[in-house]
Amino acid sequence: MKKKYQLKDVIISIPESNETAEILSSLGKATARYLDKKVKDNDVIGVSWGKTLVSVARQLIPNDRKNVQVVYLKGTVANSTHNNYVVEVTKCFNKCYHTQAQILPLPLIFENKQIKEMVIKDKLINEILDTGKRTSVALFTVETTEQDATLFELGYFNDQQIKTLQEKAAGGLVSRFIDERGKIVDDQLNDRTVAIALDDLKQARESVLIAGGMNKLKAIKAALSGKYANVLVTDSLVAQHLL
């Protein structure tokens, strides 16, 4: 797997069943163990949110690392009727690394590029975004373009926009939609999105893609094609199909 996708580390979890909850729990444990070995004093850990990341957060191993910073890699404001797990992810990382996570208190996607550009010039927001660019260990997953995908349920897109993304995109990576080769599919949407630039993900010492379940296979392949991750955490069934 390392050779085929030019990765420096691959962690394959073996869930007890193919149930989504079991796959997520297995991925969370494997990632938590990996972080326990890899996070160093003075590191900046970049995190995203959602079910995969909260599975990691719940199983973090307490440690005595010093001066670790935690920062969000994308906007954290969501429709209040849907849980994006930011509160729990933040609480768990704060406790584990004795820190106070820097939350990006913005919508994930703005109505237009001009509003976004104006808002991110704010001093506080700019500092958080700059911290994100200095990430040593980036933790992220991929989003599918299935109808019930969390990103679609948060209310950022109308039905036609969802249909277009389903036709063009293999999936989302830190909520930036990419095709099968890992290229951005909609530049205008990308310009309105508040998240770390995909090329900046490549700069992290450990750029960790955590994703499993056969419904994410296409999106995982797209992310690996774009070479955005240098570490992959996935389950054994997906691993077989990737090979």
Do K216 and E146 touch side chain to side chain, with heavy atoms closer than 4.5 Å?
no

Flag the pair L139 / F93 as yes when at least one side-chain heavy-atom distance between them is below 4.5 Å, and no otherwise.
yes

If you take all heavy atoms of I125 and P105, which pair is closest and at what distance?
CD1-CD, 3.8 Å

State, yes or no, whether a side-chain contact exists between R65 and D36 at a heavy-atom distance under 4.5 Å.
yes

In terms of ring plane angle, is the pair F152 and F177 parallel, tilted or perpendicular, where the classes change at 30° and 60°?
parallel

Taking E143 for the side chain and S175 for the main chain, is one N or O donor matched with an acceptor at less than 3.5 Å?
yes

Student check: side-chain heavy atoms of T150 and Y85 closer than 4.5 Å
no

Can you check whether Q114's main-chain N or O pairs, donor with acceptor, with N112's side chain at less than 3.5 Å?
yes

Could you state the interatomic distance from CD1 (I184) to NZ (K168), rounded to the nearest 0.5 Å?
12.5 Å

Exceeds 12 heavy-atom contacts within 6.0 angstrom, atom NE2 of H98:
yes

Between atom CD1 of I128 and atom CD1 of I120, what is the distance when rounded to the nearest 0.5 Å?
12.0 Å

Distance-only side-chain donor-acceptor flag, T99 / Q69, under 3.5 Å:
no

For the CG atom on L243, are there more than 12 heavy atoms of other groups (residues, nucleotides or ligands in this structure) within a distance under 6.0 Å?
yes

Flag the pair V54 / W49 as yes when at least one side-chain heavy-atom distance between them is below 4.5 Å, and no otherwise.
no

I need the minimum non-hydrogen distance between A169 and K218, along with the two atoms involved.
O-NZ, 4.3 Å

Can you tell me how far OG of S26 sits from CD of Q59, rounded to the nearest 0.5 angstrom?
9.0 Å

Report yes or no: do V70 and L53 belong to one cluster of Ile/Leu/Val/Met/Phe/Trp/Tyr joined by side chain heavy-atom distances under 4.5 Å?
yes

Please find the pair of heavy atoms, one from S55 and one from S25, that lie closest to each other, and give the distance.
OG-N, 4.5 Å

Validation row: C96, I61 side chains within 4.5 angstrom (heavy atoms)
no

Quick one: closest heavy-atom pair of S48 and Y72, and the distance?
O-CE2, 3.9 Å

Any chance you could lay out the side-chain contact (heavy atoms from CB on, under 4.5 Å) test for N84 and L108, step after step, and finish with the verdict?
CA-CA 11 Å; N84 64 1; L108 183 56; over 6 Å; no

Derivation and outcome, side-chain contact (heavy atoms from CB on, under 4.5 Å), residues L104 and K74:
CA-CA 7 Å; L104 204 46; K74 62 182 184 178; 5.5 Å; no

Are side-chain heavy atoms of L73 and D200 found at a separation under 4.5 Å?
no

Within-4.5 Å side-chain heavy-atom neighbours: V10 and Y5:
no

Tell me whether L224 is reachable from V174 by hopping between hydrophobic residues (I, L, V, M, F, W, Y) whose side-chain heavy atoms are closer than 4.5 Å.
yes

Donor-acceptor pair, distance only, cut-off 3.5 Å: does the side chain of E22 make one with the backbone of S17?
no

Are L24 and I12 grouped together when hydrophobic residues (ILVMFWY) are joined by side-chain heavy atoms under 4.5 angstrom apart?
no

So does D159 have more than 12 non-hydrogen atoms from other groups sitting under 6.0 Å from CG?
no

D235 side chain to G213 main-chain N or O, any donor-acceptor pair under 3.5 Å?
yes

Would the distance check show the side chain of R192 and the main-chain N or O of I109 forming a donor-acceptor pair, the cut-off being under 3.5 Å?
no

Between D199 and K202, is there a salt bridge with N-O shorter than 4.0 Å?
yes

Shortest non-hydrogen contact between A101 and N94, atoms and distance
N-OD1, 2.7 Å

To the nearest 0.5 Å, what is the distance between OG1 on T144 and CD1 on I220?
11.0 Å

For A219 against G171, the heavy-atom pair lying closest together:
CB-CA, 4.0 Å

Show the numbers, then the answer: is there a side-chain contact (heavy atoms from CB on, under 4.5 Å) between Y97 and D43?
CA-CA 10 Å; Y97 291 103; D43 270 352; over 6 Å; no

What is the distance from atom NZ of K183 to atom CG of L198, rounded to the nearest 0.5 Å?
10.5 Å

Same hydrophobic cluster for L35 and V233, using side-chain heavy-atom links shorter than 4.5 Å among ILVMFWY?
yes

Crowding at CD, E167 (>12 non-hydrogen neighbours, <6.0 Å)
yes

Are Y228 and L189 in one and the same hydrophobic cluster, where Ile, Leu, Val, Met, Phe, Trp and Tyr link if side-chain heavy atoms are under 4.5 Å apart?
no

Does R176 reach the main-chain N or O of I196 with its side chain, forming a donor-acceptor pair under 3.5 Å?
yes

I'd like to know if E127 and K123 make a salt bridge, using a cut-off of under 4.0 Å between side-chain N and carboxylate O.
yes

Please report the interatomic distance NZ(K8) to CD(E206), rounded to the nearest 0.5 Å.
3.5 Å

State whether E153 and K51 are salt-bridged, where the test is any N-O pair (Lys NZ or Arg NE/NH1/NH2 against Asp/Glu carboxylate O) under 4.0 Å.
no

Donor-acceptor contact below 3.5 Å, side chain D179 vs main chain V185:
no

Could you please spell out the steps behind the side-chain contact (heavy atoms from CB on, under 4.5 Å) verdict for I11 and V231?
CA-CA 8 Å; I11 298 91; V231 178; 3.8 Å; yes

Donor-acceptor pair, distance only, cut-off 3.5 Å: does the side chain of K4 make one with the backbone of L242?
yes

Between D41 and N67, is there a side-chain donor-acceptor contact under 3.5 Å, judged purely by atom types and distance?
no

